[in-house]
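For reference, the structure is listed below as structure tokens.
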Amino acid sequence: MKAWVVVKNGPATSANLQLQSTRPLPTANAGTPTGSNILVKITHAALNPADIHFINVLPTWLPFRRVATPGLDFAGSIVALGPAVPADANLEVGTTVCGALAVAQVFFGAGSLAEYVMVPASLVAVKPERLSNAQAAGLMGVAGQTASLMVQDAALKAGQRVLINGASGGVGSVLVQVVKGLGVKVYAVCSGANEEMVRRLGADEVIDYKVHDPVENFLIEKFKDEPFDIIFDCVGGDPLYTQSPKYLKPGCKFITIVGGPSQGIIPFIKHKLRPVFLGGTPRPFHLLGLSPAGTFARQAAKWVDEGLIKEAPIDSEYTLEEVVQAYERVASKRAKGKVIIKVSE
């Protein structure tokens, strides 16, 4: 099969990535999956900033990562099932499924930028009928699953007021729709260029961070008398949290998915462990890290079926041969929605 391989660590460039056309299928026993695994022929993959991080830091000198394939998100059709796939999973050859690879699979070199991938049946969701494969790859992978994790942690109630920082990105664009659908008032932070899209997704008010820089000062001025019930942060940066007592209600959560260069260690120590009397911020700090799971993918699919998610924004689509250019688009941080790779028909 064709598959991209990380030949050395570094940025996601042609110097470090190589498309190979003779990689073996990810199965033993002449193509038959083992246990409760399924073999999926991938039609589309979606890229994430996490891919770039893994390409850069997961060592290629490890024996099991010498021909590692990048990529997490995928959509495609089942071509074979292992003997232990449960009957109540409602999966059969030909079923179109979507999801994201587990952390352990990625660590040991599996990836979605390939023509085939083998995953546990428990990791996937059946593609909602009204989504294309490209939309499903972008929505049921890391973006939709992370949004599911964040909403679960927030325990939202109708009538609350929520700030979403990074509302036009992959996770943010899902959050805007779901949170609005749950009866919550949505204040979205993004650039003015993305305002039309974010309002279409359901934002009640859009805050252009380029016009209001630093955005924390604007939030203090405008929302000091009407603070938020929850803040979702998809961008990162200490000031939004450390200044939050001036625009976030006491006892209300600041939920972020951005750990920074230290992979969350420094923010956890500074904002979770440090008590208020030693300079800590008096608002609950929740740093979430996604471990992809079928339950999160199926929750995102349920939101689609229920009409809470009406769009799966796609920024751009590239061919399998154009993966390096696609990663450049992700790294630019200017994507409006997901960057998709068309792997096959």
Side-chain angles (χ1 to χ4, degrees), residues 46 48-49 73 128 130-131 135-136 138-212 215 218-219 222-223 226 228-237 240 247-248 252-258 286 288 290 296-297 299-315 333-340:
N48 296 283
D73 302 348
R130 72 179 187 85
L131 294 184
Q135 291 171 322
L139 184 58
M140 307 300 164
V142 168
Q145 293 190 40
T146 301
S148 177
L149 175 65
M150 296 175 82
V151 170
Q152 176 181 285
D153 186 67
L156 295 165
K157 298 177 182 178
Q160 289 183 318
R161 302 166 73 253
V162 168
L163 180 74
I164 300 175
N165 187 34
S168 61
V171 176
S173 61
V174 178
L175 277 175
V176 170
Q177 297 179 75
V178 173
V179 170
K180 181 63 176 179
L182 293 174
V184 173
K185 190 166 185 179
V186 177
Y187 296 82
V189 180
C190 63
S191 70
N194 297 330
E195 178 174 354
E196 181 182 353
M197 180 190 82
V198 171
R199 285 192 181 277
R200 188 179 71 244
L201 296 177
D204 295 286
E205 185 172 327
V206 175
I207 301 165
D208 186 342
Y209 68 86
K210 292 184 177 180
V211 173
H212 305 291
V215 73
F218 173 78
L219 295 174
K222 182 161 185 179
F223 298 104
E226 292 184 287
F228 300 107
D229 296 287
I230 296 283
I231 294 178
F232 289 119
D233 174 35
C234 305
V235 177
L240 186 66
Y247 44 79
L248 179 63
C252 290
K253 299 174 184 176
F254 182 97
I255 301 173
T256 184
I257 55 172
V258 183
H286 289 213
L288 305 183
L290 175 71
F296 292 135
Q299 177 61 67
K302 183 180 178 183
W303 284 336
V304 173
D305 292 335
E306 292 175 345
L308 268 69
I309 297 178
K310 297 178 172 60
E311 293 187 40
I314 291 177
D315 174 81
K333 299 184 179 180
R334 298 190 185 96
K336 302 176 184 180
K338 296 298 294 184
V339 175
I340 303 296

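Here the structure is a predicted model, which means the values were calculated and not measured.
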Nearest 0.5 Å please: distance from the CG atom of Asp204 over to the NZ atom of Lys185. 6.0 Å
Report, one line per pair, each donor and acceptor closer than 3.5 Å where one atom sits in a side chain of residues 149-157; sequence neighbours left out.
residue: Asp153; atom: OD1; partner: His286; partner atom: ND1; Å: 3.4
residue: Asp153; atom: OD2; partner: His286; partner atom: ND1; Å: 2.8

Could you go through the side chain to side chain contact (heavy atoms under 4.5 Å, CB included) check for Ile230 and Leu163 one step at a time? CA-CA 7 Å; Ile230 296 283; Leu163 180 74; over 6 Å; no
Distance check, rounded to the nearest 0.5 Å: Asp208 atom CG versus Ser191 atom OG? 6.5 Å
Give, for atom CG of Leu308 and atom NZ of Lys302, the distance between the pair rounded to the nearest 0.5 Å. 10.0 Å
Please lay out, stage by stage, how Val258 and Val235 fare under the test side chain to side chain contact (heavy atoms under 4.5 Å, CB included). CA-CA 6 Å; Val258 183; Val235 177; 5.5 Å; no
Is it the case that atom CD in Glu226 sees more than 12 heavy atoms from other parts of the structure closer than 6.0 Å? no
List the steps and the verdict of side chain to side chain contact (heavy atoms under 4.5 Å, CB included) for Ile164 and Val198. CA-CA 11 Å; Ile164 300 175; Val198 171; over 6 Å; no
Between Leu131 and Met140, is any pair of side-chain heavy atoms under 4.5 Å apart? yes
So, for Gly170 and Val174, which heavy atoms are closest and what is the spacing to 0.1 Å? O-CG2, 3.4 Å
Side chains of Gln160 and Val179, heavy atoms from C-beta outward: is any pair under 4.5 Å? no
Determine, step by step, whether Asn165 and Ile231 satisfy the side chain to side chain contact (heavy atoms under 4.5 Å, CB included) criterion, reporting the C-alpha distance in whole Å, the side-chain angles of both residues, the deciding distance to 0.1 Å, and the verdict. CA-CA 8 Å; Asn165 187 34; Ile231 294 178; 5.5 Å; no
Closest non-hydrogen atoms of Pro313 and Gln177, given as atom of the first, atom of the second and distance, are CD-NE2, 4.3 Å
Hey, is Asp229 close enough to Lys253 for a salt bridge, meaning N to O under 4.0 Å? no
Roughly how far, to the nearest 0.5 Å, is the CD atom of Gln145 from the CZ atom of Phe296? 7.5 Å
Where at least one partner belongs to residues 157-191, residue pairs that pass ring pair (Phe, Tyr, Trp, His ring centres under 6.0 Å), sequence neighbours excluded: Tyr187-Phe223, Tyr187-Phe228
What is the minimum heavy-atom distance between Gly166 and Cys234, and which atoms define it? O-CB, 4.2 Å
So, for Ala147 and Val171, which heavy atoms are closest and what is the spacing to 0.1 Å? N-CG1, 4.2 Å
Closest heavy-atom contact between Val206 and Cys190? CG1-SG, 3.7 Å
Between Leu288 and Thr256, is any pair of side-chain heavy atoms under 4.5 Å apart? no
Strictly distance-based, threshold 3.5 Å: is any side-chain N or O of Tyr247 a donor or acceptor partner for the main-chain N or O of Leu240? yes
For the pair Asp315 (side chain) and Lys336 (backbone), establish whether a donor and an acceptor sit closer than 3.5 Å, ignoring hydrogens and angles. yes
Hey, could you give me the CD1/NZ distance between Ile207 and Lys222, rounded to the nearest 0.5 Å? 6.5 Å
So the salt bridge (charged side-chain N to carboxylate O under 4.0 Å, His left out) pairs with at least one residue in residues 190-201 (sequence neighbours excluded) are Glu195-Arg199, Arg200-Glu311
Could you tell me whether a side-chain N or O of Asp73 sits under 3.5 Å from a main-chain N or O of Val142, the two making a donor and an acceptor? yes
Evaluation steps, salt bridge (charged side-chain N to carboxylate O under 4.0 Å, His left out), between Glu205 and Arg161: CA-CA 11 Å; Glu205 185 172 327; Arg161 302 166 73 253; over 6 Å; no
All heavy atoms of Met197 vs all of Ser168, minimum pair found to be CE-O, 3.5 Å
Kindly compute the distance separating CD1 (Ile257) from OG1 (Thr146), expressed to the nearest 0.5 Å. 5.5 Å
